[in-house]
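Report on the following structure.
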Amino acid sequence: MCKTKGFDLLEKLCNIFGPSGCEDPVAKAILENIEGCYDELIPNRCCGVIAHIKGNKKSDKRLMLSAHMDEVGFMIKSISDDGTLKVASMCGGDTRIMAGRRVVISRDGEKTVRGVFALKPIHLLKGDEFDSAATMDELYLDIGAADREEAEKLVSVGDYATFESDFVRFGEEGRMIKAKAIDDRAGCAIMCDLMKELYPVRDTIPFDMYFAFTCREELGISGARTAAHLIDPTHALIFESTAVADICGSAPHTTVAQQGDGPAISLMDRSTIYDKGLTDLLFKVGKEEDIPCQIKKYISGGNDAGHIHKSRAGVKCAVMSIPSRYIHTASNVIRAEDFTSTYRLALAAIKKLSEGVN
């Protein structure tokens, strides 16, 4: 049977270890949750999950829904004589978001070692060091080992790490959600919920749907590329999280989206120009169903659509991004209502597509 919808699933998925290249634990949890809600699983070589729900074949549309399972992370690249670790970043090199943060280190997601990111203490800084951010080479991981020999009993070069961060509801009536990996376990949770809603009524849907939980988006979108080639969709809805830049210190013209105003729908970004008909459909459905949604007002970033839209003969793509503060850090923050609005808009749009629109 399909498991529970909603925020419980989001919390479970966010808490799982799953940086790029280590998505198997996330895939396992998703498969457990969607059991009984698909007609078949499509084998693929990139460790993603592709679940197929068969429609009644009255339309030649093939709808792909995509969200990535991986989160930002790090790889252990060396072990120092004093037992500390040096890492390579898989999410950029902004050490300001790392110092003092707890991490979990693993290779398979099962056996884990805990540690903390550290830098030279402030009372030892000299001259220009006060005025510049530390480099990745100056950052290290402290796992409590006394020396190299002790550290090598716990971890190996090539192990992966990601942030350790609690799932927290805060603000008035718990309207805000803080967790690691909201980018993009939120999209994965929404797709699971859509499967639970749509599978029982699949005979009323005139086209096949393919729910692709993809891998390695943070490192080049390879999972979405191979999934799209395998599925050969005509249309695709992509779920993401996007930075909002709505916080203190950001100029108004740099604001990407507003939290509380629903999913941000991109017209274009650095890798995709989105299908006008499909994006117009999302705005029309939002207006008709009184579901808040907004234009993503900044041309930046990219997502699974970057490869999906140019797969094979081309795919009509639209993206719905949950506005997120502090993205690619240990504390992604979203509004609960934006998560719900994204789910509602996607469900309403699929029903509209079922009526033959676009």
Side-chain angles (χ1 to χ4, degrees), residues 14-27 47 68-168 178-185 215-220 222-223 243 326-332:
C14 285
N15 286 338
I16 296 173
F17 177 91
S20 303
C22 301
E23 295 94 339
D24 284 352
V26 186
C47 303
H68 66 89
M69 296 185 290
D70 58 318
E71 62 184 296
V72 296
F74 314 88
M75 188 185 80
I76 309 305
K77 66 177 185 179
S78 67
I79 301 175
S80 303
D81 290 341
D82 63 2
T84 60
L85 316 176
K86 293 292 187 178
V87 302
S89 175
M90 298 189 290
C91 63
D94 188 356
T95 55
R96 295 172 300 172
I97 68 168
M98 302 175 195
R101 294 294 185 182
R102 294 177 295 151
V103 298
V104 173
I105 305 165
S106 183
R107 178 159 289 187
D108 56 13
E110 297 295 331
K111 181 181 178 182
T112 60
V113 173
R114 285 178 165 80
V116 63
F117 274 123
L119 288 168
K120 182 192 292 187
I122 191 169
H123 64 276
L124 296 181
L125 299 181
K126 298 178 181 180
D128 293 343
E129 291 178 326
F130 283 101
D131 301 320
S132 59
T135 66
M136 284 299 299
D137 285 340
E138 294 172 294
L139 189 77
Y140 61 90
L141 266 178
D142 184 348
I143 59 171
D147 52 33
R148 180 195 297 271
E149 182 179 5
E150 187 174 318
E152 287 177 340
K153 294 177 182 178
L154 300 172
V155 299
S156 301
V157 171
D159 285 354
Y160 294 88
T162 192
F163 294 117
E164 183 176 29
S165 180
D166 297 332
F167 186 99
V168 175
K178 187 279 292 184
K180 73 173 185 67
I182 284 177
D183 172 23
D184 187 30
R185 306 287 166 71
C215 297
R216 305 168 197 170
E217 191 268 354
E218 301 291 357
L219 285 179
S222 56
Y326 327 123
I327 204 165
H328 283 197
T329 74
S331 300
N332 303 170

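The CG atom of Leu141 lies 13.5 Å from the CZ atom of Arg114; values are rounded to the nearest 0.5 Å. Between Ile327 atom CD1 and Asp184 atom CG the span is 8.5 Å, to the nearest 0.5 Å. One finds the OG1 atom of Thr84 at 7.5 Å from the CG atom of Asp142 (value rounded to the nearest 0.5 Å). Expressed to the nearest 0.5 Å, how far NZ of Lys178 lies from OG of Ser331 amounts to 4.5 Å. Expressed to the nearest 0.5 Å, how far OH of Tyr160 lies from CD1 of Ile76 amounts to 10.5 Å.
Taking all atoms of both residues into account, the shortest heavy-atom contact from Val157 to Ser78 is CG2-CA, 4.0 Å. When every heavy atom of Val72 is checked against every heavy atom of Phe163, the shortest pair comes out as CG2-CE1, 4.3 Å. Smallest separation of non-hydrogen atoms from Pro25 and Cys22: CD-O, 3.3 Å. Gly83 and Ala145 get closest at one heavy-atom pair: O-CB, 3.9 Å.
For Phe17, there are no ring-ring contact (aromatic ring centres under 6.0 Å, His included) partners two or more places apart in sequence or in a different chain.
Glu218 places no side-chain N or O within 3.5 Å of a backbone atom of Glu71 that could act as its donor or acceptor partner. Side chain of Ser80 to backbone of Asp82: no donor-acceptor contact under 3.5 angstrom is found. A donor-acceptor pair under 3.5 Å is formed between the side chain of Ser165 and the backbone N or O of Ala330. Side-chain atoms of Glu23 never come within 3.5 Å of backbone atoms of Cys47 as a donor-acceptor pair (strictly under, hydrogens ignored). A donor-acceptor pair is defined here as one N or O able to donate and one able to accept, closer than 3.5 Å; such a pair exists between the side chain of Arg185 and the backbone of Met69. The closest donor-acceptor contact from the side chain of Lys180 to the backbone of Cys14 lies under 3.5 Å. In this structure a side-chain-to-backbone donor-acceptor pair under 3.5 Å is present from Asn332 to Tyr326. When atom types are taken as modelled, the side chain of Asp70 and the backbone of Glu217 share a donor-acceptor pair closer than 3.5 angstrom.
Judged as a side-chain hydrogen bond (donor to acceptor under 3.5 Å, both in side chains), the pairs with a partner in residues 145-158 (not counting sequence neighbours) are, in order, Asp81-Arg148.
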Show, in sequence, the C-alpha distance, side-chain angles and deciding distance for Val87 and Phe117, and conclude whether the side-chain contact (heavy atoms from CB on, under 4.5 Å) test is met. CA-CA 10 Å; Val87 302; Phe117 274 123; 3.9 Å; yes

Stepwise side-chain contact (heavy atoms from CB on, under 4.5 Å) check, Phe74 with Thr162: CA-CA 6 Å; Phe74 314 88; Thr162 192; 5.6 Å; no

As a quick check of understanding, evaluate side-chain contact (heavy atoms from CB on, under 4.5 Å) for Val116 and Arg101, giving each step before the final call. CA-CA 6 Å; Val116 63; Arg101 294 294 185 182; 5.9 Å; no

Would you please test Asp166 and Arg102 for side-chain contact (heavy atoms from CB on, under 4.5 Å) and show each step? CA-CA 11 Å; Asp166 297 332; Arg102 294 177 295 151; 4.1 Å; yes

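Residues Leu219 and Met90 have side chains in contact (heavy-atom distance under 4.5 Å, counting atoms from C-beta outward). Looking at heavy atoms from C-beta onward, Ile143 lies in side-chain contact with Val155 at the 4.5 angstrom threshold.
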